[in-house]
**Q** 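Here it is, the structure in full.
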Amino acid sequence: MSRKENNENNQNNEQLNNTSPDTHDNGEKVNEKELLRKYDRESNTRSNIGKWAWVVTFLAIYLTLFHLYTGYYGTLQSQIQGAVHVGTALGLIYLLYPAKKGLHDRGIPWYDVILAFTAIFVGYYKIIFFDEILNARIHGYETLDVLVAILGVVLLLEATRRAVGLPIVIVASFVILYALYGNFIPTKMLSHSGFSFERVMTDLWYRENAIFGIPVQVSSRFIFLFLLFGVILVHSGIGKFFNDLAFALTGRFTGGTAKAAVSASAMQGMVSGSSIANTVSSGSFTIPMMKRARFRPEFAAAAEASASTGGQLMPPIMGAAAFIMIEYTNTDYATIMLAALIPAMLYFAGIFMGAHYEAKKQGIFGAPKEMLPNTWQLLKTKGYMLLPLIAIVSTLFMGFTPQRAALMGILVAFGVSLISKETRMSVRKIFFVLEQGARVALPVIAAVATAGIIAGVVGMTGLGGKVAAGIIALSNDIQLLALIFTMIACIILGMGLPTTANYVVTATIAAPALINGFGVEVLAAHLFVFYFGIVADITPPVCLAAYAGSGIAKSNPFKSGLTAVKLAIAAFIIPYIFVYNPILVQAGDHSIIMLILAVVTALLGMMGVSSSVMGYFQRKCYVWERFVLIAAGLMLITPNIYIDLAGILMIALVWYLQTRRPDDKQNYEPVSA
């Protein structure tokens with residue numbers, strides 16, 4: 001290190017002495033609830049429930065206890081299990097979510113009470129008249145059956161609009177119209193003769209392959225329990241532990257505040273499963289801290305948003321869509337977890353590199369060792385907080401179901417909370433956690449049930465095969481074009497649909513085209529659509545996670561979104577690696593040496609691409625150097641040793657030329673707190 005760098009490093013460290021992981025900006029207080037209500041539809045619940053509070057508490061705790069009971073003793077028949085799951089959730093949504101955003105501070109109007117209990121009735125109708133409905137499939141439905149089905153579909157769509165948002169409701173309504181009037185579609189490839197209104201409604205409400213199909217079955221068996229597990233972890237103090245651990249591991253390196261924020265957000269996002277909620281909760285702490293270290297506001301918001309979004313890609317808890325992937329790919333969860341591990345590590349490696357190059361460009365160094373938590377001391381005193389995650393992973397690898405793994409995680413997490421007096425739960429706190437477990441699950445239940453409408457119509461009309469054929473025809477049998485078209489479709493859908501619903505739609509329609517039309521590995525195809533559905537949260541123009549981070553950083557929202565795309569550029573490249581180099585998802589026969597080589601070349605590729613988009617490698621990059629670096633990075637994706645070697649040589653050439661170049665003063669701007 002030169003004397004100049006050393007002096008500035010000491011200067012920066014002195015300035016960072018006033019910045020610790022436990023401090024907050026007094027002038028930048030953030031109203032988390034208001035931000036969540038603004039950017040996250042799922043958080044727009046009523047703050048004034050009034051006399052109906054006891055009904056909400058009772059229904060929520062009942063729903064949680066029902067899932068704990070069936071999780072331990074075995075789930076009920078799928079239609080009955082789904083009826084309790086969806087019916088109770090719909091009732092709670094009408095009691096908790098107002099019809100409009102601005103009405104959250106008012107009480108529950110009389111019509112929402114009627115809608116709530118009507119929704120519960122139409123859900124439980126399937127249980128009350130279970131045998132009669134089964135016979136009706138053969139002999140025909142009664143008038144009351146048809147009315148209940150219509151009410152059920154309408155109430156589900158309205159509940160989803162309130163809890164999730166309008167885009168998914170528009171998509172579901174469109175496919176219902178397609179089922180009814182498919183003969184009006186101008187494209188012959190997609191048109192069909194259409195079905196009667198009675199058949200469409202009853203099939204959607206009573207059949208196993210629609211609203212109460214695979215997404216709802218998975219939600220009622222696995223997803224609810226894992227969401228409850230996440231709630232218990234939050235109230236066990238694990239969020240603060242993750243922050244401290246992240247700073248202990250990365251805070252002393254160049255750009256340590258950003259790297260620590262990325263690490264903490266990745267760990268918390270892995271648990272929460274919501275990119276927007278995690279951006280707000282952890283960003284209220286990490287974003288002001290990054291700004292104090294002189295990172296640009298747009299960069300601070302982008303770093304938090306990209307890391308929080310990527311949390312859904314990180315095993316062992318990859319968000320709700322991973323559990324539906326089990327059913328769609330006919331693969332056990334442990335296999336999916338292993339397949340997703342290396343790509344997730346590459347994703348966060350790309351963000352780390354972006355943070356590193358930005359910090360080098362701005363001259364931002366790490367925090368002094370003495371102001372950071374001691375890693376070994378932290379693990380010694382609070383390392384037991386990792387036991388719930390270890391319990392889940394161990395249970396899965398021992399061959400148990402995800403359902404049993406979630407129960408084990410919940411039990412261990414509750415035990416962990418009893419160790420420290422600070423996190424020990426009182427009886428009142430236990431009931432609160434049980435209620436929160438149900439509340440967190442409501443938007444997911446509504447989303448997967450509405451996604452079931454789309455899946456049901458696809459199965460009823462054969463729309464999936466028609467769209468797959470259309471993708472193949474449009475791409476002219478060129479795989480790369482098919483991948484690009486699929487990517488665009490997933491991102492567009494992801495801008496309006498929650499991750500789970502987006503995955504259901506794309507896995508039903510787009511993934512089969514890649515698998516059957518181009519011979520893409522099953523897991524690779526499903527992870528491809530999964531990734532691009534998730535990164536929609538940081539892709540302009542509707543980059544809600546980046547907008548939420550921008551609200552905290554007080555930055556330009558659109559610029560924050562563009563910066564987030566730069567940081568998370570790996571997420572736009574890794575899915576193509578799945579297809580062209582499936583060894584990274586551990587598909588097919590390969591040796592450990594081949595896997596290591598594939599990981600190393602992919603990491604080098606991430607380095608080339610990241611340095612190019614950030615405009616800094618060993619020095620600030622010239623324009624031609626950026627082109628060389630991104631070309632070299634992309635070349636390292638392809639599983640060809642000669643192309644890989646060419647890419648390595650190109651990166652080495654830029655590195656050599658930049659190290660020979662004299663220091664540029666603008667690369668070492670002094671940092672002030």
Side-chain angles (χ1 to χ4, degrees), residues 25 27-28 30-32 34-36 38-40 255 257-259 261-262 265 269 275-280 282-311 347-348 350-364 488 491-492 494-496 532 534-573 609-617 620-621 623 626 629-630 666-667 669 671-672:
D25 277 355
E28 296 188 29
V30 176
N31 190 326
E32 293 185 24
E34 289 303 317
L35 271 177
L36 284 171
K38 183 176 180 180
Y39 295 109
D40 187 14
T257 51
K259 292 175 180 176
V262 170
S265 300
S275 55
I276 300 171
N278 188 43
T279 298
V280 173
S282 59
S284 60
F285 166 74
T286 60
I287 290 174
M289 186 175 54
M290 283 187 277
K291 289 178 65 179
R292 285 197 299 270
R294 271 290 302 275
F295 281 105
R296 293 176 295 112
E298 287 79 13
F299 180 87
E304 176 60 46
S306 56
S308 296
T309 300
Y347 175 87
F348 283 103
I351 298 177
F352 257 78
M353 291 173 187
H356 177 80
Y357 292 130
E358 177 71 13
K360 291 284 286 183
K361 184 165 63 175
Q362 300 296 333
I364 300 173
I488 294 171
I491 291 176
I492 291 173
M495 289 177 181
F532 283 119
I534 286 175
V535 298
D537 280 343
I538 54 172
T539 305
V542 191
C543 41
L544 293 180
Y547 283 5
S550 178
I552 300 172
K554 296 179 173 57
S555 63
N556 182 295
F558 190 77
K559 287 183 179 178
S560 298
L562 290 177
T563 307
V565 170
K566 289 182 180 180
L567 276 174
I569 191 68
F572 296 86
I573 297 173
V609 172
S610 183
S611 59
S612 173
V613 296
M614 301 309 296
Y616 190 94
F617 191 29
K620 187 175 180 180
C621 294
V623 174
R626 298 179 73 168
L629 286 170
I630 197 168
Q666 66 178 328
N667 292 334
E669 297 176 358
V671 178
S672 58

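Since this is a predicted model, take the numbers as computed values, not measurements.
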**Q** For a side-chain contact (heavy atoms from CB on, under 4.5 Å) check, start with the C-alpha distance between Leu629 and Cys621, then their side-chain angles and the critical distance, and finish with the verdict.
**A** CA-CA 9 Å; Leu629 286 170; Cys621 294; 3.9 Å; yes
**Q** Quick one: are Arg296 and Glu358 in side-chain contact, heavy atoms under 4.5 Å?
**A** yes
**Q** Going from NZ on Lys620 to NZ on Lys360, what distance comes out if it is rounded to the nearest 0.5 angstrom?
**A** 15.5 Å
**Q** For Ala355 versus Lys259, what's the shortest heavy-atom pair and its separation?
**A** CB-CG, 4.4 Å
**Q** Looking only at non-hydrogen atoms, find the nearest pair between Ala293 and Thr257 and report the distance.
**A** CB-OG1, 3.6 Å
**Q** Could you report the tightest heavy-atom contact between Ser560 and Glu298, atom names first, then the distance?
**A** OG-CA, 3.7 Å
**Q** Tell me the closest heavy-atom pair linking Ser550 and Ser555, and the distance in Å.
**A** OG-O, 2.6 Å
**Q** Rounded at 0.5 Å granularity, tell me how far CD1 in Ile287 sits from CD1 in Ile552.
**A** 4.5 Å
**Q** Report yes or no: does Lys291 contribute a side-chain atom to a donor-acceptor pair with the main-chain N or O of Ala553 at less than 3.5 Å?
**A** yes
**Q** Do Ser306 side-chain atoms and Ala303 backbone N/O form a donor-acceptor pair below 3.5 Å?
**A** yes
**Q** Strictly distance-based, threshold 3.5 Å: is any side-chain N or O of Lys361 a donor or acceptor partner for the main-chain N or O of Met614?
**A** yes
**Q** Under 4.5 Å between any side-chain heavy atoms of Leu567 and Phe299, yes or no?
**A** yes
**Q** Backbone N or O of Ala261 within a donor-acceptor pair of the Thr286 side chain at under 3.5 Å?
**A** no
**Q** Can you name the closest pair of heavy atoms from Thr279 and Ser308 and give their distance?
**A** OG1-CB, 3.3 Å
**Q** Nearest 0.5 Å please: distance from the CZ atom of Phe558 over to the OG1 atom of Thr563.
**A** 10.5 Å
**Q** Determine, step by step, whether Gln362 and Phe295 satisfy the side-chain contact (heavy atoms from CB on, under 4.5 Å) criterion, reporting the C-alpha distance in whole Å, the side-chain angles of both residues, the deciding distance to 0.1 Å, and the verdict.
**A** CA-CA 8 Å; Gln362 300 296 333; Phe295 281 105; 5.5 Å; no
**Q** When rounded to the nearest 0.5 angstrom, what is the spacing between CD1 in Ile364 and NE2 in His356?
**A** 12.5 Å
**Q** Once you measure the plane-to-plane angle for Phe617 and Tyr357, does it fall in the parallel (<30°), tilted (30-60°) or perpendicular (>60°) bin?
**A** perpendicular
**Q** How close do Ala545 and Ile538 get, heavy atom to heavy atom, and via which atoms?
**A** CB-CG2, 4.3 Å
**Q** Show the numbers, then the answer: is there a side-chain contact (heavy atoms from CB on, under 4.5 Å) between Ile491 and Phe572?
**A** CA-CA 10 Å; Ile491 291 176; Phe572 296 86; 4.0 Å; yes
